[in-house]
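Notes follow the structure.
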Amino acid sequence: MTMKSSSFSKPFVSLFFLLLRKLAGRRQHRATTTRMMAVTTKPSPPPPPLPTLLDMLHGQTLVVDVEAWILRPPVSAFPYFMLVAVEAGGFLRGLLLLLLYPLMFLLPGGDGARARAMATVALVGLEEKEVARVGRAVLPKFFLEAAAAEGVAAVQAAARVVAVSATFPRVMVDGFLKEYVGVDAVVGPEVRSVGGVLAGLMDEEDAAEMAAKTLRALFGDELEVAGKKKGAVGLVGLASSGRVHYFFSSYYCKETFAVSDADTRGWRPLPRDKYPRPLVFHDGRLAFAPSPPAALAMYTFLPFGLALVVFRTIAFSFLPYRVCFPVGALTGLHYRLVAGHVPTARQGRGGGECGAGRLYVCNHRTLLDPIIVAAALGKPVTAVTYSLSPVSELIAPIRTARLTRDREKDQRNMAAVLARGDLVVCPEGTTCREEYLLRLSPLFAELGADVNPVALDTRVGMFYGTSTKPGAKWMDPFYFMMNPRPAYRVEFLPCAATTPADNAGRRGDSIGVANRVQRQLGEALGFELTGLTRKDKYMTLAGNEGVVPTAPRNH
């Protein structure tokens, strides 16, 4: 991963001035800022039992504290800033944050000062749109894993919700809270942008004015009590200092409930089947929440990981299929082949041989899927792909054939490849990390060949071997092989009959075959079936349709 040189210098300069300002004793904000951002209130009562609270919130506007209610306390901010630093800025920026983190405990001001310092190191100098992409495509997975079932239930019960974060800049949590929790507005520290590049946290007064304008445009005067019988219900954490965010003051909230650490001790994690929106797609390289010890372990492992990549790449590229998996197992690669149903020769519908090759249809987990299938079969195959980087094509130990997205031309090309030998296709069109199956393109079912479904599953502990960033996709197989103990599970399923050759091209029949194969794969893997496609994935994670133009190949 690369980054501009300015990305290194700006965090140092900004953090230097932040430390200088703090150590010089400038701890007091302007009077107007203090009045707007924090207020002293009488202690708020504890919330009623959850069923009563949910009934009370029905039809109400809710102002909720993200760190106290939506996330399970105590909330450690470091892993989330570390994720942004690595995913948006690169591993060197993440290392800088890890090295400076112990020094941040010397800052006066407690958790608030540390959060501002981490935001400075992690964000300053990065492109705003890239940080927003990380907040939308990477962080929701980790926030959902830390979410509290009780807090999310309270959000779901209210008619309209304003989420308030005192720790995380709005650009980091906006996508998670709006798209996966269902809040209507997000208030949090704002980051100043100059020419599309983040330049530091805004003054709290400016951020407060911006939030007030946004909420006024969204809610009108509904949130302003001011002697009227309006206002919202506030759910806040129990502040030992008695000072709370100004949105929980009596000016906005007609009543506020404060939850204590003892109250949240028994809160449950949010089950995956209770997510307000299913987490089908997510992006990013890190497969774990990088707490300080975990991040330190990752950086310690990286030199060994690079050596593993070189060794495993050589093994899979040059060693015979029958020995590459035993050799890989010596380096920690776990491979499991479930009882197969592969016929000894491709059979036609009448029982005789019909053609030289067999058609293997598998779900798509990583770019290595066809190579793993070839190794499991113990013989070479050809894989078809829409786009493959020159690096991946160079090191691939199997033949590859490019598709053009021209249906008729692709069908002819696939039939020609199948006539010469075995063919592996991944009709999902893109990878999916979670336990879901995307809609299968029916093109494979129009070849007139019987289908041999192959169910694939992977497990990683440190790095994901998939990405939606065009400039980083060539590194996908290397990241997978960099894991200490990556795992692949391969299961050959019973042959599925497809459309007869003389009926090839009939869309109704081919769609039915594709749906049957999808159900067969889903039952074998225990995955949930969806109607989502490659376009849905890239629109969710990257804001585009995932079509990368390729230069014409010279023959």
Side-chain angles (χ1 to χ4, degrees), residues 38 40-58 60 62-83 101 105 109-115 118 139-158 161-168 172-173 176-177 180-183 186-188 232-245 247-248 253 255-276 279 288-295:
T40 303
T41 64
K42 62 181 181 180
S44 301
L50 186 62
T52 304
L53 178 63
L54 298 183
D55 290 339
M56 182 185 304
L57 292 175
H58 181 72
Q60 297 287 329
L62 172 67
V63 180
V64 60
D65 187 334
V66 173
E67 289 80 25
W69 280 83
I70 296 180
L71 302 179
R72 296 194 312 278
V75 176
S76 173
F78 178 85
Y80 305 101
F81 285 110
M82 186 69 176
L83 284 165
Y101 183 64
F105 283 88
D111 294 341
R114 281 196 298 275
M118 284 189 287
L139 295 183
K141 170 186 181 293
F142 299 95
F143 280 129
L144 284 170
E145 291 174 351
E150 290 77 3
V152 173
V155 171
Q156 297 296 304
V161 181
V162 177
V164 179
S165 173
T167 302
F168 301 108
M172 288 177 55
V173 295
F176 158 67
L177 292 171
Y180 289 92
V181 181
V183 308
V186 179
V187 175
V233 176
L235 298 180
V236 69
L238 189 62
S240 58
S241 63
R243 301 179 67 79
V244 298
H245 195 281
F247 264 107
F248 297 102
C253 296
E255 54 184 337
T256 302
F257 300 104
V259 67
S260 65
D261 292 341
D263 296 328
T264 61
R265 202 165 290 136
W267 281 10
R268 299 169 291 111
L270 182 65
R272 291 185 62 89
D273 59 351
K274 299 297 183 182
Y275 285 0
L279 183 70
F288 65 100
S291 62

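Small disclaimer: the values here were computed from a predicted structure and weren't measured.
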What's the spacing between [X] [atom1] and [Y] [atom2] if we round to 0.5 Å?
{"X": "Tyr180", "Y": "Leu139", "atom1": "OH", "atom2": "CG", "value": "11.0 Å"}
{"X": "Arg114", "Y": "Thr167", "atom1": "CZ", "atom2": "OG1", "value": "10.5 Å"}
{"X": "Glu145", "Y": "Tyr275", "atom1": "CD", "atom2": "OH", "value": "5.5 Å"}

How close do [X] and [Y] get, heavy atom to heavy atom, and via which atoms?
{"X": "Trp267", "Y": "Ala148", "value": "CE3-CB, 3.6 Å"}
{"X": "Thr264", "Y": "Ala68", "value": "CG2-O, 4.3 Å"}
{"X": "Ala258", "Y": "Pro47", "value": "O-CD, 3.3 Å"}
{"X": "Pro269", "Y": "Ala149", "value": "O-CB, 4.0 Å"}
{"X": "Ala294", "Y": "Phe288", "value": "CB-CE1, 3.7 Å"}
{"X": "Ser291", "Y": "Pro79", "value": "CA-CG, 3.9 Å"}

Do any N or O atoms from the side chain of [X] and from the backbone of [Y] form a donor-acceptor pair under 3.5 angstrom?
{"X": "Trp69", "Y": "Val236", "answer": "yes"}
{"X": "Glu67", "Y": "Arg72", "answer": "no"}
{"X": "Glu150", "Y": "Arg268", "answer": "yes"}

I'd like to check [X] versus [Y] (side-chain heavy atoms, cut-off strictly below 4.5 Å). Are they in contact?
{"X": "Val233", "Y": "Phe257", "result": "yes"}
{"X": "Pro292", "Y": "Tyr101", "result": "yes"}
{"X": "Leu53", "Y": "Leu235", "result": "yes"}
{"X": "Ile70", "Y": "Ser165", "result": "no"}

For this session: For a side chain to side chain contact (heavy atoms under 4.5 Å, CB included) with Val164, tell me which candidate from Val63, Val183, Asp65 qualifies.
Result: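 That would be Val63; it is the only one of Val63, Val183, Asp65 passing the side chain to side chain contact (heavy atoms under 4.5 Å, CB included) with Val164.
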Exercise. With Leu71, which of Leu144, Val173, Val66 fulfils side chain to side chain contact (heavy atoms under 4.5 Å, CB included)?
Worked result: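 It is Val66; the other options fail the test.
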Exercise. Which pairs pass side-chain hydrogen bond (donor to acceptor under 3.5 Å, both in side chains) with one or both residues in residues 45-58, sequence neighbours excluded?
Worked result: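 For residues 45-58, and leaving out neighbouring residues, there are no side-chain hydrogen bond (donor to acceptor under 3.5 Å, both in side chains) pairs at all.
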For this session: Just say parallel, tilted or perpendicular for the rings of Phe168 and Tyr80, cut-offs at 30° and 60°.
Result: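 Perpendicular: the ring planes of Phe168 and Tyr80 meet at over 60°.
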